[in-house]
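Following: one structure in structure tokens, then a few remarks.
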Amino acid sequence: AFLRAWSRRGRTKMEKESNTFEQSLARLEEIVRRLEKGDAPLGDALKLFEEGTGLVGRCSGLLDEAELSVAKLMKGADGAPVELPFDEDV
């Protein structure tokens with residue numbers, strides 16, 4: 001228990017959010033599979049859909065935050081911050 005608590009202490013906010021993103025994405029994929037199967041009763045399907053839309057919003061917000069963090073971390077040759085498109089090789 002001590003080692004687990006100690007190893008969690010050193011994790012950054014982004015690492016914790018990344019795990020949350022991964023968990024949210026996994027749950028969203030599970031919801032999509034269940035809804036695509038088509039065997040959930042209507043009430044359950046509506047609850048799953050509502051949960052899924054919430055997860056989409058959460059994941060989108062986390063991705064936006066990550067994008068801002070990356071943009072802040074990038075610097076040009078003169079040391080000044082430079083924002084580059086993500087599809088460009090850096």
Side-chain angles (χ1 to χ4, degrees):
F2 170 76
L3 289 177
R4 247 180 296 149
W6 181 77
S7 67
R8 282 194 304 256
R9 256 188 11 202
R11 290 170 45 191
T12 65
K13 180 181 177 190
M14 185 169 274
E15 287 172 326
K16 290 176 186 174
E17 287 176 351
S18 178
N19 289 340
T20 301
F21 174 81
E22 296 297 331
Q23 291 168 352
S24 295
L25 187 60
R27 175 64 181 148
L28 184 57
E29 290 171 345
E30 181 182 325
I31 288 170
V32 168
R33 279 192 298 274
R34 178 90 193 271
L35 289 174
E36 284 178 341
K37 233 174 140 179
D39 63 353
L42 181 60
D44 292 346
L46 289 173
K47 287 179 185 175
L48 288 168
F49 181 80
E50 184 177 341
E51 182 184 354
T53 57
L55 288 168
V56 166
R58 172 80 177 133
C59 289
S60 178
L62 289 171
L63 287 172
D64 290 344
E65 288 177 24
E67 181 178 2
L68 287 174
S69 294
V70 169
K72 289 179 186 176
L73 294 173
M74 300 178 97
K75 293 184 180 180
D78 62 356
V82 175
E83 187 170 341
L84 302 170
F86 283 102
D87 58 350
E88 205 173 294
D89 290 333
V90 179

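Note that this is a predicted model, so its numbers are computed, not measured.
- Residues E29 and R33 form a side-chain contact, since some pair of their non-hydrogen atoms from C-beta on lies under 4.5 Å apart.
- Using modelled atom types, no side-chain atom of S60 and backbone atom of V56 make a donor-acceptor pair closer than 3.5 Å.
- Distance check: L55 CG to Q23 CD gives 11.0 Å after rounding to the nearest 0.5 Å.
- Between atom CD1 of residue I31 and atom NZ of residue K47 there is a gap of 13.0 Å, rounded to the nearest 0.5 Å.
- What you find for C59 and L25 is that their closest heavy atoms are SG-N, 4.0 Å.
- Looking at R27 and E30, a side-chain N of the basic residue comes within less than 4.0 Å of a carboxylate O on the acidic one, giving a salt bridge.
- Counting heavy atoms from C-beta outward, E51 and L28 have side chains that stay 4.5 Å or more apart.
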